Amino acid sequence: MLLEIQSLTKRYPGSDGARPVLRDVSLSLDAGETLALTGESGSGKSTLLHLIGALDDFDAGEIRLAGQALSGLGESARAALRRDVVALVFQQFNLVPSLTVAQNLAFHARLAGRLDAAWVRELTGRLGLDGLETRWPEQLSGGQQQRVAIGRALAMRPRLLLADEPTGNLDEATSDMVLSLMLDLVEQSGAALFLVTHSERIAGRVRRRAHLSNGTIA
Ligand SMILES: Nc1ncnc2c1ncn2[C@@H]1O[C@H](COP(=O)(O)OP(=O)(O)OP(=O)(O)O)[C@@H](O)[C@H]1O
C-alpha cells in the first residue's frame with residue numbers, strides 16, 4: 001500500500017483543544033489510484049493533505065507513506081520523503097517568480113537529483129507550454145501557471161501527487177482542461193493522486209471518492 005492512514009487525530013495548539021480538527025481518520029491509497037477528498041470549508045481537508053505530505057505533526061494514529069511511518073520522523077527523513085515520494089500542487093501555483101517556465105519545470109526534479117530532460121520536454125509539450133519556456137511566471141495566465149506547477153510536480157516522478165484545490169483559481173473551462181491534463185499525466189506516469197476539492201463537479205471526474213465532515217471521514 002502506498003499510503004495508509006490509521007485512526008489519525010490532529011489538534012491545533014491554541015484552537016479549541018477539546019475538539020480535534022481531524023478525528024479517527026482512516027484511509028488508504030494504492031499505487032496508481034486516484035482519489036478526490038471533498039468536504040465543506042473548514043472540515044480539515046488541507047490539514048489532512050499537509051499531514052500526508054509530512055509538512056506537519058499529528059497527535060494520534062499513524063500515516064504510512066511507502067511503508068514508512070511518519071510519526072516521530074525527524075526533519076531530514078521528512079524532507080527525504082518530500083523529495084523522493086510525494087509532490088505537491090497548491091491552488092496558488094507557488095511558482096518561483098525569479099525563474100523562467102523552463103527553470104520552474106525542472107526545479108524540484110533537479111533538487112531531487114532526478115532531472116530527466118526528455119520527460120520534462122514531454123511534459124512541456126503535453127501541458128501545452130511549448131514556446132513559453134523563456135517566460136516569467138508573471139507573464140502567464142492562471143491556467144498556464146497551474147500547468148507549470150503540475151509539470152513541475154510530475155517532473156520529479158512522484159509516487160504520490162498531493163493536490164490541494166489545484167484548479168480552484170481557474171474558470172470552469174480552464175479548470176476542466178487542467179484537470180484532464182493532470183489526470184492523464186498522473187495515469188501515464190503511474191503516480192497515485194490525492195486531490196482535495198470542495199467541488200463535486202471536479203470530484204466526480206476522479207475514480208475514488210472520500211468525504212470529510214467535521215474532521216471525520218463520512
Ligand atoms: N495552523 C492552524 N492553527 C489553528 N487552526 C487551524 C490551523 N490551520 C487550520 N486550522 C483550523 O482547522 C480547521 C480545518 O482547516 P482546513 O484548512 O484543514 O480545512 P479545509 O477543509 O481545507 O477548508 P477549506 O476548504 O476552506 O480550505 C479549520 O477550522 C481551521 O480554522
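Order of appearance sets the numbers: ligands from 1, and atoms from 1 within every ligand. The shown structure was predicted, so the numbers you read here are calculated from the model rather than taken from an experiment. Quick note: numbers below take in every heavy atom, side chains included, and nothing from hydrogens, waters or symmetry partners.
Judged purely by distance below 3.5 Å, without hydrogens or angles, the side chains of Ser28 and Glu4 never pair a donor atom with an acceptor atom.
At a heavy-atom cutoff of 4.0 Å, ligand 1 is contacted by the side chain of Val21 but not by its backbone.
Residue-ligand proximity, Lys45 to ligand 1, at heavy-atom distances under 4.0 Å covers atoms 18 (O), 19 (O), 20 (P), 21 (O), 22 (O), 23 (O), 24 (P), 25 (O).
Looking at heavy atoms from C-beta onward, Leu22 lies out of side-chain contact with Thr9 at the 4.5 angstrom threshold. Between Arg82 and Leu55, the closest side-chain pair of non-hydrogen atoms falls below 4.5 Å.
Between Gly42 and ligand 1, at least one pair of N/O atoms sits closer than 3.5 Å.
For the pair Glu40 and ligand 1, a heavy-atom separation below 4.0 Å is found. A heavy-atom separation below 4.0 Å is found between Ser43 and ligand 1.
Counting heavy atoms only, Thr47 comes closest to atom 15 (O) of ligand 1 of the residues Thr47, Leu37, Leu48.
Through direct or relayed side-chain contacts under 4.5 Å between Ile, Leu, Val, Met, Phe, Trp and Tyr, Leu99 connects to Val96, Phe107, Leu111.
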Could you go through residues 169-180 and list every donor-acceptor pair under 3.5 Å that involves a side-chain atom there, pairing it with any protein atom two or more places apart or in another chain?
unit_1, atom_1, unit_2, atom_2, d
Asn169, ND2, Gln91, O, 3.1
Asp171, OD1, Ala173, N, 3.2
Asp171, OD1, Thr174, N, 2.9
Asp171, OD1, Thr174, OG1, 2.9
Asp171, OD2, Thr174, OG1, 3.0
Ser175, OG, Thr167, OG1, 3.2
Asp176, OD1, Arg201, NH1, 2.5
Asp176, OD2, Arg201, NH1, 3.1
Ser180, OG, Asp176, O, 2.9
Ser180, OG, Arg205, NH2, 2.6

